[in-house]
Amino acid sequence: MFADQRWSLMQLSDSFFPSGSFTLSHGLESLIQSQEIRSTQDLRDFLELILHNKIGSMDVVALRQAHRASANNDNREIQAIDALLFARTLLQPNRDSQCKSGRALLMVSRSTWNSPKLDAIHTCIQIGKMHGLHPIIFAVVGQSIGLDEDNTIFAFLHGFLTGVCGAALRLGLIGHINAQILLKEMAPQLEMITQKTIGMDLDDMWSCTPLIDIAQMTHGALPQHLFLN
Amino acid sequence: MTSTLLATPTNQQSGQGIENSTTNPPGTRANTLDFYARVGCASASADLTVRSGQTFVAQQYTAYPFRLSRTFRLDPGDNRRAYLYLMNSAPGIFGGDRLTLGLTAEANTRLYLTDQAATKVHKMPVTDATVARAQLAWQITVGAGASLEFVPEPLMLYADAQLYQSTTITLHPSSRLFLSEIIVPGRLARAEYYQFREYQNRLQVLAPDGTLLFGDAMRLTGQSNAFKDSFFFAKYPLISNIFIVLPNIDLDTISHELATNPQLNSPHLLTGASPLPNCNGLLIKVMGERVDHIQTYISQVLACVRTISNEPDLPHIPK
């Protein structure tokens, strides 16, 4: 990996990068308030389940295909993958948050890196040809700044993992030390998920996190909440 | 567009199944399926048992193990809606089964479709690839202004079962859909829990031009499910989904009813609702411990939908 690519990877996957994903708890806030999640082990189960049964089996599959389409300069295919992921994201809070964080990521990325591909995606969103879901935008950003598929996926998963651990920290479930230990222990899972999606195409996307889905659906009805979902 | 009933239906043997056709030449679309039914809306009738505006079975083809019940008129004071039971004469689904089913609800029809009992998905020996798994595929078309309520009984996944299920529904923008499913991960009363091998369920709901409105793909592993003993699955082992598409109905009214109606707030169930993408529809997810709790909830949601849509009250469905 070249030095500038290494730096791009660090910059894109850093939680300091303002993509808006720090406002998401992915149902964790709801489950903590209902006292279904009370310990670090519960949080670990939550992370493993959502990573393997939703993020890894759906978002990452779409991300990998969008990265390939971007490498082929196939803007129509990127639009088609975005439309498919939108139709397969059945929970409105998730669709809304993916659109918001995707557009925020695109805005910051266009300002940080000059790329005609990002400008083209921006135009598609402006004229209503794309929703601009976060995994799709992340794929095009990663590809356009020179990251390969696996490194883009790893950065995406790292961002998700640190985002949820950051939410757990702010919700008072775990402390800084336990958060770092958990991150280190989860690292092999990210590699496993990255490898699992290599042979998967869009028809292979699936998800199965019914209890977390319900937690995300009912999040808006919480009397008070810190996060968007 | 409505169908015109020309003659009293007659049963005909067709291939290895039985075809019952009133309007179309026998064999239309049905020959490649194990079950096919087409319901139409009568505009004029030579058969005095069918009145104008009534939904009737215009064509049916059934091969083993399927049969279709006669048409029941259960709505009090309104006999336009047809109530049909899909009957399965087999003890359940077995390894090697490749079952394909089709249903067409023509324009302006109203159909409630259910089955008679839970579908049992039996043990499938992994040693023989030809019978190691089963497939069940539905192709459904719902025409303009039609209403389909498809409320099957639960699907029970026995030990060593492996089932791939797919449902494709083509939905006219003006048609209504109520679709429910209940997945039971084993014979829970016998302490058989997540002993099946795998269950895949793919749903695609399409516009008439083939555009995907929304889709869902569930892959539930049994024996190898690393999360089956965590509270994410163990606390509420039954999983249910309800898909509702209602053009021209304010979904907020239904969402408000779901949140505030005491009958729809069971302490035994975990529920959540969300608007669906690309249509005026709602997804309701339900988890529970007992089938009867979930079935009662589904009936109450359908009753609520009927009321909000100014449709006849949901009657008792004899089982």
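Residue numbers begin at 1 in each chain, while the letters A, B, ... track the order of the sequences.
Here NZ of B/Lys235 is found 8.0 Å from CG of A/Leu211. Values are rounded to the nearest 0.5 Å. Note that the CZ atom of B/Arg219 and the SG atom of A/Cys208 stand 10.0 Å from one another [nearest 0.5 Å]. Rounding to the nearest 0.5 Å places CZ of A/Phe46 at 9.0 Å from CZ of B/Phe231.
Neither the backbone nor the side chain of A/Gln216 has a heavy atom closer than 4.5 Å to any heavy atom of chain B. Of the atoms belonging to A/Asn94, not a single heavy atom falls under 4.5 Å from chain B. Within the 4.5 angstrom heavy-atom criterion, only side-chain atoms of B/Phe243, from C-beta onward, approach chain A. Using a 4.5 Å cut-off between heavy atoms, A/Arg95 touches chain B through its side chain atoms alone. If you measure heavy-atom distances from A/Ser57 to chain B, you find no contacts under 4.5 Å at all. Contacts of B/Val205 with chain A are absent, with no heavy-atom separation under 4.5 Å from either backbone or side chain. Of the atoms belonging to B/Thr211, not a single heavy atom falls under 4.5 Å from chain A.
Heavy atoms from other residues, nucleotides or ligands lying under 6.0 Å from NZ of A/Lys129 number 12 at most. Counting non-hydrogen atoms of other residues, nucleotides and ligands closer than 6.0 Å to NZ of A/Lys100 gives a total of 12 or fewer. The number of heavy atoms from other shown groups lying within 6.0 Å of CG (B/Asn248) does not exceed 12. Remark: A/Ile198 CD1 is packed, more than 12 non-hydrogen atoms of other residues, nucleotides or ligands lying under 6.0 Å away.
The shortest distance between side-chain heavy atoms of B/Phe232 and A/Thr209 does not fall below 4.5 Å. Annotation: side chain of A/Pro210 is not in contact with side chain of B/Tyr236 (no heavy-atom distance under 4.5 Å). In this structure, the side chains of A/Asp45 and B/Phe227 stay at 4.5 Å or more apart for every pair of heavy atoms. For the pair B/Thr271 and A/Ile214, the minimum side-chain heavy-atom distance is 4.5 Å or more.
Using a distance-only test at 3.5 Å, with no hydrogens or angles considered, a donor-acceptor pair links the side chain of B/Arg202 to the main chain of A/Asp203. A donor-acceptor contact shorter than 3.5 Å links the side chain of B/Ser274 to the backbone of A/Gln92.
Between chain B and the residues A/Arg88, A/Met58, A/Glu48, the most heavy-atom pairs under 4.5 angstrom are made by A/Arg88. With respect to chain B, the highest number of heavy-atom pairs below 4.5 Å among A/Asp213, A/Thr218, A/Asp204 belongs to A/Asp213. No other option in B/Ser230, B/Gly281, B/Ala273 has as many heavy-atom pairs under 4.5 Å with chain A as B/Ala273. Note: B/Asp216 leads B/Ile239, B/Leu220, B/Asp216 in heavy-atom pairs under 4.5 Å with chain A.
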